[in-house]
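First comes the structure, then the notes that go with it.
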2 protein chains.
Amino acid sequence: MHNSLVQDRADLSRRKPSSLRPGVTLADVARAAGVDQSTVSRVLRNDHGARTTEATRSRIHDEASRLGYVANAAARSLAMRRTSTLGILIPSSLNLVIVDVIRGAQDAARELGYVLMVADASELGRASDAVRSLVLEGRVDGLLIASGTITDEVTDDLLDGFGNCVILNRRIGGRAPSVIEDDDLGMFIATRELIEHGHETIACLAGPIDIDTSRRRVAGYRRAMKAAGLKVGKGSVVHRPFDEAGGFSGTTELLSGPNRPSAIASASLAAAIGGLAAARGMNVGVPDELSFTAFHDAPIANYLSPPLTTVAMPLGQLGRQAVLMLHRRLTGVSGPTHVTVQDPAPRLIRRESVARLAKPRLGEPKSAAVLGHPKLLRPTTPEATPAI
Amino acid sequence: MHNSLVQDRADLSRRKPSSLRPGVTLADVARAAGVDQSTVSRVLRNDHGARTTEATRSRIHDEASRLGYVANAAARSLAMRRTSTLGILIPSSLNLVIVDVIRGAQDAARELGYVLMVADASELGRASDAVRSLVLEGRVDGLLIASGTITDEVTDDLLDGFGNCVILNRRIGGRAPSVIEDDDLGMFIATRELIEHGHETIACLAGPIDIDTSRRRVAGYRRAMKAAGLKVGKGSVVHRPFDEAGGFSGTTELLSGPNRPSAIASASLAAAIGGLAAARGMNVGVPDELSFTAFHDAPIANYLSPPLTTVAMPLGQLGRQAVLMLHRRLTGVSGPTHVTVQDPAPRLIRRESVARLAKPRLGEPKSAAVLGHPKLLRPTTPEATPAI
DNA sequence: CTGTTAGCGCTTTCAA
DNA sequence: TTGAAAGCGCTAACAG
């Protein structure tokens with residue numbers, strides 16, 4: 001009596017122009033199966049103490065699938081006080097490599113039963129607005145921050161009001177949990193490759209000076225130089241944004257300076273692309289007159305002129321580990337709050353942008369006097385990639 | 001006894017140390033302001049009939065901001081039966097240009113009061129899973145589909161159960177609302193540029209043959225050829241995936257074929273990058289021996305060798321219009337269900353990959369004698385782009 | 001093993 | 001102008 005009345009009213013008022021969901025609810029299934037909705041809830045969710053008759057159990061499942069029941073996320077979130085959703089804030093200028101991070105994070109999130117919601121860091125103009133709409137409005141249980149644009153200020157806000165976030169590839173005053181790649185090692189490997197090809201005057205095309213990620217990469221470069229007993233000349237490290245234009249500008253400066261390097265280790269892929277263009281513009285042949293390495297790998301590296309030698313970092317693991325850490329925090333499991341992804345080690349991918357230094361410095365001939373032997377590495381097999 | 005055991009177990013597993021939201025609710029504000037929560041709700045939302053005393057009004061605002069109140073999205077969604085969230089499905093292999101679409105969509109969404117949730121089309125393995133978690137679970141009010149990976153099958157499912165979606169840059173059997181760019185015009189413009197430089201044997205590096213986007217681009221190419229009275233030779237249109245590898249392979253085929261083109265109009269940017277590499281690999285100089293144009297523009301085009309002449313499409317508007325259309329549908333406002341973005345017209349960006357045909361074709365091999373006149377266009381000024 | 005009963009935090013009639 | 005009350009669809013004690 002009362003019930004049917006309420007029911008009708010609900011149906012009436014629900015007649016919005018276009019209904020969003022199929023609209024079949026737990027109650028519908030319950031009615032159809034002749035049980036209470038709490039029973040349906042238990043069964044459909046495999047509730048722990050779910051000792052249910054096989055009969056009702058299957059009846060419920062049948063009805064549910066017959067009606068096409070899907071639980072409503074908002075209702076569930078409200079009742080459970082958790083959304084099972086994780087957010088990831090990415091730089092507004094989507095760079096070449098972030099997609100690997102996202103993919104890794106997404107896979108891990110799915111495995112743990114979360115939905116990953118990616119948000120452009122410029123989504124609401126400023127990052128703090130994004131934080132507001134995601135975190136404060138309770139759209140996500142936790143947040144991955146993979147954007148260098150987020151200022152320390154915003155991050156502080158975040159950390160104060162909301163502990164459930166982890167920073168990717170950036171360390172901020174040790175306060176926020178973070179997972180980083182081994183930037184130092186990666187850059188070390190790239191630089192070493194250059195050194196092993198006989199280069200001694202090696203410059204570093206670094207990122208913005210105020211980002212610790214950038215500093216770690218420079219550190220790896222310096223470490224390699226030191227290990228080889230090489231000096232880092234004055235002005236051999238230039239700081240520029242991690243993009244093509246930055247690389248162009250930085251490389252131009254390096255090549256115009258007093259002691260021109262015979263090799264450049266770039267701290268990013270995009271900058272290396274710009275650097276290649278700059279060298280070309282100054283008629284400096286790569287790799288004959290200038291060797292070049294890039295940090296991070298992407299398919300495009302294969303198709304540049306020349307194909308770029310890069311060091312591929314375990315970006316997918318970065319995303320995955322970040323999700324795992326976040327999950328631990330959300331579930332109260334203890335664990336490290338700062339991890340450096342080591343597992344798939346940085347991998348040097350030799351292509352054609354590094355050559356042996358043409359003439360040895362100071363009559364110190366390198367034993368393997370083979371000149372640059374650009375292996376004619378064929379680009380990889382085409383794989384399907386759809387249009388937008 | 002038994003019960004408390006279960007209880008304990010539950011509590012244990014539920015031990016979520018860190019609460020997700022500040023947790024201040026409408027009731028808290030109401031209590032603090034000494035009014036009912038319904039009043040707070042009205043005031044804070046500027047309810048239309050909100051005839052409220054200025055006194056209570058400001059008191060409520062004060063308390064709300066003092067307490068740092070932010071409405072909970074789940075509760076609101078549940079009560080209002082809408083999430084004010086829009087989803088956008090993007091290709092798992094994030095291409096160079098999708099970011100502009102996302103940005104346009106995001107801006108429009110924000111203006112209309114939506115949050116845009118971007119989801120990798122491979123989020124849950126298959127697109128239909130993504131649809132499930134977004135649409136069926138009611139996480140979004142509507143969905144933009146900007147992914148060619150989504151098969152027509154999945155799309156059909158979508159359309160059946162859920163009308164509130166619009167397809168970007170793809171038309172599917174006329175059933176789903178869609179907004180597309182003027183692919184035909186864009187390709188026409190690129191091809192015409194080639195024609196105006198004296199080329200007659202012009203090939204088209206097209207996308208997958210079964211995607212209508214791709215067909216429209218080819219149509220533009222053909223239209224330009226026809227308008228100039230030029231013939232499209234047999235095998236002058238090759239279909240490949242819209243990526244570097246596809247472009248590499250397609251270009252290789254074109255350059256190896258019987259009647260080698262003096263110019264290639266690529267139907268995507270990524271493919272053009274691969275094409276440039278292929279030409280290089282075959283020692284075919286661009287633009288001296290081969291002119292090249294690409295469809296869509298991105299900063300990287302400036303830094304290739306040679307810098308690519310492209311046609312920039314109004315991708316931001318594409319995203320924006322799609323959101324507007326979706327919003328119309330959600331609010332029951334009528335309007336066109338198929339729009340072609342015309343407003344910022346496709347724009348040809350001349351760089352250095354197109355040269356005047358060295359000498360009139362006699363169907364003879366071209367000597368590398370006369371060259372074009374590559375303008376030494378400097379790459380654009382560096383702009384800040386942060387690291388991941 | 002299943003049903004009853006309270007909410008989760010918010011919106012929204014309907015009264016006052 | 002404001003308050004009371006009834007849900008939105010779901011989960012989670014608790015009782016039977």
Side-chain angles (χ1 to χ4, degrees), chain A residues 2-3 5-14 16 19-30 33-57 59-60 69-84 137-138, chain B residues 1-11 13-14 19-30 33-57 59-60 69-84 137-138:
Chain A
H2 174 62
N3 273 339
L5 202 64
V6 168
Q7 178 90 22
D8 286 345
R9 188 140 51 87
D11 277 347
L12 215 61
S13 75
R14 185 140 40 97
K16 302 247 170 183
S19 77
L20 32 149
R21 280 181 311 283
V24 19
T25 75
L26 216 41
D28 295 330
V29 179
V35 296
D36 186 86
Q37 65 166 11
S38 61
T39 305
V40 178
S41 175
R42 280 187 220 107
V43 168
L44 256 29
R45 243 166 346 93
N46 277 309
D47 216 343
H48 56 274
R51 282 119 53 84
T52 329
T53 308
E54 185 49 37
T56 45
R57 182 173 206 69
R59 190 150 34 93
I60 289 175
Y69 171 78
V70 180
N72 176 273
R76 176 172 284 178
S77 300
L78 192 55
M80 306 215 308
R81 274 101 142 241
R82 53 194 229 90
T83 59
S84 296
E137 293 183 1
Chain B
M1 235 22 175
H2 175 63
N3 273 340
S4 72
L5 204 62
V6 169
Q7 174 94 17
D8 286 345
R9 192 138 51 88
D11 274 347
S13 74
R14 189 152 33 102
S19 76
L20 32 148
R21 278 181 311 284
V24 20
T25 75
L26 215 41
D28 295 330
V29 179
V35 296
D36 186 86
Q37 65 166 8
S38 59
T39 306
V40 178
S41 175
R42 282 187 218 106
V43 168
L44 255 29
R45 241 166 346 92
N46 277 310
D47 216 343
H48 56 276
R51 283 119 53 85
T52 329
T53 309
E54 185 50 37
T56 45
R57 182 174 208 69
R59 190 150 34 93
I60 288 175
Y69 170 79
V70 180
N72 176 271
R76 175 172 286 178
S77 300
L78 191 55
M80 306 213 309
R81 273 99 140 224
R82 53 194 226 89
T83 59
S84 295
E137 292 183 0

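Throughout, a chain's letter reflects where its sequence line sits, starting with A, and its residues are numbered from 1. Remember, predicted model here, so these are calculated numbers, not experimental data. Reckoned from all heavy atoms, side chains included, excluding hydrogens, waters and symmetry mates.
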Nearest listed nucleotide, side chain of B:Arg45, among C:dT12, C:dC10, D:dC10: C:dT12
Sugar-phosphate only, base, or nothing, as touched by B:Ser38 at under 4.0 Å among non-hydrogen atoms: base
Euclidean distance, atom CG of residue A:Leu44 to atom C1' of C:dT2 [Å, nearest integer]: 15 Å
Flag for B:Ser41-B:Arg45: side-chain donor and acceptor within less than 3.5 Å: yes
hbond_proxy B:Thr56 side chain to D:dT1 base (donor-acceptor, 3.5 Å cutoff): no
Stepwise side chain to side chain contact (heavy atoms under 4.5 Å, CB included) test for A:Asn72 and A:Thr25: CA-CA 8 Å; A:Asn72 176 273; A:Thr25 75; over 6 Å; no
Trace of the side chain to side chain contact (heavy atoms under 4.5 Å, CB included) decision for B:Val40 with B:Val35: CA-CA 7 Å; B:Val40 178; B:Val35 296; 3.7 Å; yes
Whole-Å gap separating C1' (D:dA4) and CG (B:Leu26): 15 Å
Nearest heavy atoms of A:Gly138 and A:Thr83, plus distance in Å: O-CG2, 3.1 Å
Donor-acceptor pair present, B:Arg81 side chain and D:dG9 base, under 3.5 Å: no
Between D:dG9 (P) and A:Met80 (CE): distance, integer Å: 18 Å
Residue mapping more 5' on DNA chain D - nearest nucleotide basis, A:Ala79 or B:Asp36: B:Asp36
Atom-pair distance (CG on B:Asn72; P on C:dG9), nearest Å: 7 Å
Atom pair distance, as rounded to whole Å: CD in B:Gln37 and P in D:dA6: 14 Å
Gap between atoms CZ and P, on B:Arg82 and C:dT11 respectively (whole Å): 11 Å
Side chain to side chain contact (heavy atoms under 4.5 Å, CB included) assessment of B:Tyr69 paired with B:Asp28: CA-CA 9 Å; B:Tyr69 170 79; B:Asp28 295 330; over 6 Å; no
Separation of D:dG7 P from B:Leu78 CG (nearest whole Å): 14 Å
Short side-chain N/O contact from B:Thr39 to OP1 or OP2 of D:dG3, under 4.0 Å: yes
Selected nucleotide, minimal atom distance to B:Arg42 side chain, candidates D:dC10, C:dT11, D:dT2: D:dT2
